[in-house]
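What follows is one structure encoded as structure tokens, with my remarks underneath.
If you're wondering where the values come from, they're calculated on a predicted model, not measured in any experiment. Chain letters run A, B, ... following the sequence lines, proteins first and then strands; every chain starts at 1.
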Amino acid sequence: MEEPTYYDLVYEVVRQIPRGRVTTYGAIADFLALGSARMVGWALNKSFSGYGVPAHRVVNRLGELSGRIHFPTPTMMQQLLEQEGIEVVDNKVLDFKRLFWHPAQNLDE
DNA sequence: CTCTTGACGACCT
DNA sequence: AAGGTCGCCAAGA
């Protein structure tokens with residue numbers, strides 16, 4: 001039995017992102033009050049390896065699908081988002097500001 | 001133990 | 001405005 005690593009914390013937060021919403025690396029790092037945005041992305045890289053973590057709902061602060069490159073195919077991330085009703089154009093989330101979800105909102109729902 | 005890596009972000013030029 | 005650089009800090013080799 002091992003202690004939860006930083007990844008595990010990130011996984012749990014990402015899993016709580018509501019369908020049709022997105023969040024940012026920085027928001028997660030801020031919510032954890034630990035590490036930095038880079039660590040979130042780094043952790044996520046491991047996450048979608050089979051943890052069932054919706055990593056496609058995590059984008060960078062500009063709403064860009066910065067992580068799409070790490071998916072099996074660069075278009076997969078966008079398609080997953082579109083399946084949830086999120087419009088993506090030029091690898092950016094439309095109405096990103098409106099769709100943005102902060103982990104702290106989980107407490108409210 | 002030390003060095004390098006890394007799906008970012010803010011600052012600097 | 002656009003591009004480059006530095007900082008964040010945990011984990012693997």
Side-chain angles (χ1 to χ4, degrees):
Chain A
M1 179 56 191
E2 307 113 29
E3 296 178 24
T5 60
Y6 191 87
Y7 316 140
D8 298 311
L9 299 175
V10 175
Y11 304 161
E12 287 199 45
V13 174
V14 175
R15 264 183 230 162
Q16 295 172 71
I17 302 173
R19 189 171 181 283
R21 291 300 195 94
V22 294
T23 193
T24 69
Y25 305 99
I28 296 172
D30 179 64
F31 175 67
L32 294 175
L34 182 64
S36 61
R38 289 183 90 162
M39 324 215 68
V40 177
W42 173 59
L44 275 180
N45 190 3
K46 308 277 194 176
S47 78
F48 87 91
S49 187
Y51 289 85
V53 177
H56 58 276
R57 293 180 188 150
V58 185
V59 296
N60 71 7
R61 77 180 182 92
L62 302 176
E64 300 176 303
L65 281 54
S66 51
R68 77 203 142 118
I69 306 166
H70 295 273
F71 277 75
T73 61
T75 56
M76 181 174 161
M77 187 173 185
Q78 176 172 337
Q79 303 216 356
L80 288 170
L81 289 172
E82 289 177 337
Q83 285 174 31
E84 301 189 353
I86 299 174
E87 295 179 88
V88 179
V89 175
D90 192 33
N91 301 314
K92 294 194 186 79
V93 176
L94 295 185
D95 282 330
F96 166 66
K97 190 174 180 181
R98 184 172 64 80
L99 295 174
F100 178 74
W101 175 87
H102 192 281
Q105 286 182 24
N106 183 44
L107 304 175
D108 187 56
E109 293 189 287

Do any side-chain atoms of residues 28-41 of chain A form donor-acceptor pairs under 3.5 angstrom with protein atoms, and if so which ones, sequence neighbours left out?
none

All N/O contacts under 3.5 Å from nucleotides 9-13 of chain B to the protein, with atom names and distances to one decimal?
residue	atom	partner	partner atom	Å
B:dG9	OP1	A:Arg61	N	3.2
B:dG9	OP2	A:Arg61	N	2.9
B:dA10	OP2	A:Arg61	NE	3.1

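A nucleotide of DNA chain C counts as in contact with chain A when one of its atoms lies under 4.0 Å from a heavy atom; the first and last such, 5' to 3', are C:dG7 to C:dG12.
Grouped by direct or indirect side-chain proximity (heavy atoms under 4.5 Å, Ile/Leu/Val/Met/Phe/Trp/Tyr only), A:Val22 sits with A:Val59, A:Leu65, A:Phe71, A:Met76, A:Met77, A:Leu80, A:Leu81, A:Ile86, A:Val88, A:Val93, A:Phe96, A:Leu99, A:Phe100.
Distance alone, capped at 3.5 Å, places no donor-acceptor pair between the A:Asp90 side chain and the A:Lys92 backbone. At distances below 3.5 Å, not a single donor-acceptor pair connects side-chain atoms of A:Asn45 with backbone N or O atoms of A:Trp42.
The two residues A:Tyr25 and A:Gly67 make their nearest non-hydrogen contact at OH-N, 3.9 Å.
The CZ atom of A:Arg19 lies 8.0 Å from the CD atom of A:Gln83; values are rounded to the nearest 0.5 Å. Once rounded to the nearest 0.5 Å, the distance linking OG1 of A:Thr23 with CZ of A:Arg57 reads 11.5 Å. Rounding to the nearest 0.5 Å gives a distance of 8.0 Å between OH of A:Tyr11 and CG of A:Leu44. Between A:Arg21 atom CZ and A:Gln105 atom CD the span is 6.0 Å, to the nearest 0.5 Å. Between the CD1 atom of A:Ile17 and the NE2 atom of A:His56 there is a distance of 8.5 Å, given to the nearest 0.5 Å.
Across all strands, A:Ala43 comes closer than 4.0 Å to no nucleic acid atom at all (heavy-atom distances). Within the nucleic acid shown, A:Phe71 comes within 4.0 Å of at least one base atom, counting heavy atoms only.
Proximity of residues 75-95 of chain A to DNA chain B (heavy atom under 4.0 angstrom from any strand atom) is not detected for any residue.
For DNA chain B, each stem of at least three Watson-Crick or G-U pairs (distances under 3.5 Å) is given as range with range: B:2-6 with C:9-13, B:8-13 with C:2-7.
Atom CD of A:Glu87 has 12 or fewer neighbouring heavy atoms from other residues, nucleotides or ligands inside a 6.0 Å radius.
Whole-Å rounding puts the A:Tyr11 OH to B:dA7 P distance at 14 Å.
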